[in-house]
Amino acid sequence: MQELIADKVHDEARQGEAFAPGSIAIQQYKKHFYIESYGCAMNFADSEVVAAILHSDGFGATADTNKADLILINTCSIREKAEDRVRKRLTEFRQMKRTRPGLIIGVLGCMAERLKGAFLEEEKLVDIVVGPDAYRSLPSLIEEAGGGQKGVNVLLSRDETYADIAPIRLNSNGVNAFVSIMRGCNNMCSFCVVPFTRGRERSRSAHSIIKECEVLLNDGYREVTLLGQNVDSYHWMNETSNVAVTFAQLLEKVALISPLLRVRFSTSHPKDITDDVLVTIKKYENICNYIHLPVQSGSSRVLQMMNRTYSREWYIAKVDRIRQLIPDCGISTDMIAGFCTETEEDHLASLSLMEYCKYDLAYLYFYSERPGTLAAKRFADDVPLNIKKRRLQELVELYRNHSLISMQKDVGKTFKILVEGPSKKDALELQGRNEQNKVVVFPKEKYRKGDYVMVKITGCTAGTLIGIPAPDFRR
Ligand code: SAM
Ligand code: SF4
Ligand code: F3S
């Protein structure tokens with residue numbers, strides 16, 4: 001057991017997903033690409049930008065590596081294990097290259113950025129290495145690689161947001177879509193590699209975000225998740241009016257597109273989420289009452305070493321405020337067990353904070369030192385692995401108790417569910433999520449993907465609510 005992953009929509013939950021051709025029909029193209037994505041939602045959203053860039057360059061998508069002229073792997077560096085998975089996968093791709101010399105293999109994303117040209121030394125059969133801000137250069141790098149040259153572009157940018165590129169949705173259920181609203185991160189959490197792999201924070205134009213959401217709505221999508229490492233610091237200056245748009249204002253603009261379009265967002269940094277954002281969530285029925293508010297540790301001493309810039313008390317006050325303003329708000333978190341110097345007392349503080357917050361969802365990890373980060377430079381990774389794992393296990397067990405209680409509390413309630421498709425286990429049942437991001441399964445009856453259905457909860461398992469349609473129920 002290494003880490004607990006509670007939800008598919010969140011980051012490391014989605015590992016190594018290839019995609020089906022979707023809207024790019026295979027037969028129209030002479031060249032085909034295959035892409036496999038790892039890491040957070042932002043990386044998956046980036047793969048959709050990459051698909052659009054390749055599409056304009058004459059590439060069709062394929063989900064079959066045997067049919068691909070170009071194999072891309074969009075990588076994650078967040079923990080050592082994430083990188084190990086990519087290396088393992090690259091070994092398999094290398095085998096393919098031995099029998100198909102014309103095949104081009106490219107490494108994209110955070111690992112490409114972290115290792116840069118060293119990747120070509122390390123992985124001799126990789127042809128191109130492209131960082132997260134350099135995807136526009138893919139066509140020229142692919143052309144050079146076709147001529148036998150190796151190519152690297154890992155330049156980070158201060159202004160690239162790919163705002164003008166309409167992403168091609170990959171593996172889409174046609175209901176939920178990710179929309180990137182910003183890139184990079186200006187926080188320097190000492191454990192985290194993201195500021196180094198993704199560069200400085202920059203916000204995408206509000207116009208282009210709204211346009212993308214409108215197009216999605218017209219294409220039948222019913223839910224958008226606005227993505228950024230720290231969405232509450234979204235700040236875009238409208239150069240025509242000279243007026244800045246904040247995250248609360250952006251949320252409102254997206255919510256106003258249509259009451260049929262549900263709005264989610266991730267991730268909120270506890271130091272930056274404002275009352276304005278909470279009030280906006282409360283004001284619009286289509287903004288989901290759900291906040292992902294990573295705490296990382298329950299010990300103020302550890303939080304300070306992590307450079308999170310808030311204390312345990314500050315965080316608790318934030319959770320209290322959320323619950324005061326939005327009583328039925330789902331709250332989830334990320335926590336790290338066994339950060340440098342963490343004592344049993346610090347660990348107990350994490351457990352007691354978890355006990356206080358009673359999270360609906362939690363993503364729990366043990367600390368993995370990342371080269372080049374502030375923590376790697378300043379602190380010894382001194383908590384033994386067996387202790388990290390034991391502490392993680394204790395967090396996982398407590399979280400599981402809370403999440404089961406949270407599910408049980410929902411029995412008897414009625415929620416508005418956005419249908420995402422058939423249930424995985426039974427074709428006669430549908431699956432969707434409530435505002436609080438919980439998966440709900442119920443009999444199909446006359447309902448279809450993309451419908452909103454009032455569902456009365458009649459039972460639950462540890463991870464799923466079970467219900468029956470209650471069409472006459474009014475909130
Ligand atoms: N920007 C978000 C935030 O500030 O909470 C999260 C970014 S990161 C992609 C997702 C999660 O990975 C973090 O919240 C943290 O819990 C975990 N993480 C990041 N670096 C880690 C490390 N070196 N070891 C273990 N977990 C890590
Ligand atoms: Fe990493 Fe912290 Fe930025 Fe999140 S806010 S991406 S944890 S540096
Ligand atoms: Fe995301 Fe992993 Fe990069 S979590 S930002 S893909 S390091």
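Just so you know, ligand 1 is whichever comes first in the structure, and atom 1 is the first atom listed for that ligand.
Of all the heavy atoms of Q229, the ones lying under 4.0 Å from any atom of ligand 1 are found in both the backbone and the side chain. Residue contacts with ligand 1 for I78 involve both N, CA, C or O and side-chain atoms from C-beta outward (heavy atoms, distance under 4.0 Å). Contact annotation: for N187 versus ligand 2, heavy atoms closer than 4.0 Å belong to both the backbone and the side chain. When heavy-atom distances to ligand 1 are checked against a 4.0 Å cut-off, Y363 has no atom that comes that close, whether in backbone or side chain.
Taking a 4.0 Å cut-off on heavy atoms, M111 fails to register as neighbouring ligand 3. Contact between F339 and ligand 1 is absent, with no heavy atom of the residue lying under 4.0 Å from the ligand. Using a 4.0 angstrom heavy-atom cutoff, R198 counts as in contact with ligand 3.
In terms of polar-atom proximity, N230 is not counted as a contact of ligand 1, lacking any N or O under 3.5 Å from an N or O of the ligand. At under 3.5 Å, not a single nitrogen or oxygen of Y365, backbone or side chain, sits near a nitrogen or oxygen of ligand 1. Taking any N or O of V194, backbone or side chain, none lies under 3.5 Å from an N or O belonging to ligand 1. Residue T267 has no nitrogen or oxygen atom sitting less than 3.5 Å from a nitrogen or oxygen atom of ligand 1, judged on distance alone. For ligand 1, the polar-atom distance check finds an N/O of S368 within less than 3.5 Å of one of the ligand's N/O atoms.
Taking the centre and axis of the six-membered ring of F59, the NZ or CZ atom of K31 falls inside the cone set by 45° and 6.0 Å. A cation-pi arrangement is present between R79 and Y365, with the terminal nitrogen or guanidinium carbon under 6.0 Å from the aromatic centre and inside a 45° cone about the axis.
Nearest residue to atom 2 (Fe) of ligand 3 from S77, S37, C76 is C76 (criterion: closest heavy atom). In the candidate list R308, K388, M306, K271, R308 is nearest to atom 3 (C) of ligand 1, counting heavy atoms.
I71 has its side chain within reach of M96: a pair of non-hydrogen atoms, C-beta onward, lies under 4.5 Å apart.
Under a 4.0 Å criterion applied to the non-hydrogen atoms of C40, ligand 3 contributes the atoms 1 (Fe), 4 (S), 5 (S), 6 (S). For ligand 2 and C189, the ligand atoms under 4.0 Å from any heavy atom of the residue are 2 (Fe), 5 (S), 7 (S), 8 (S). Atom numbering of ligand 2 starts at 1 in the shown order; those under 4.0 Å from a heavy atom of P195 are 8 (S). Each of the atoms 6 (S) of ligand 3 lies under 4.0 Å from some heavy atom of N43. Proximity to Q229 (heavy-atom distance under 4.0 Å) selects the following atoms of ligand 2: 6 (S). Heavy-atom contacts of R370 reach the following atoms of ligand 1: 23 (N) (cutoff under 4.0 Å). In summary, the atoms of ligand 2 found under 4.0 Å from a heavy atom of R308, numbered by their order in the structure, are 2 (Fe), 7 (S). Shown in contact with C185 at under 4.0 Å from a heavy atom are these atoms of ligand 2, numbered in order with element: 3 (Fe), 5 (S), 6 (S), 8 (S). Per-residue contacts place Q229 under 4.0 angstrom from the following atoms of ligand 3 (heavy atoms of the residue considered): 5 (S). In summary, the atoms of ligand 3 found under 4.0 Å from a heavy atom of C110, numbered by their order in the structure, are 3 (Fe), 5 (S), 6 (S), 7 (S). Each of the following atoms of ligand 2 lies closer than 4.0 Å to a heavy atom of F191: 7 (S).
The distance from atom 3 (Fe) of ligand 2 to the nearest N/O/S atom of C192 is not under 2.8 Å.
Between H207 and W236, the ring planes are perpendicular. Angles over 60° get that label, and only those under 30° would be called parallel.
Put simply, the side chain of Y135 never gets that close to the backbone of L108: no donor and acceptor are under 3.5 Å apart.
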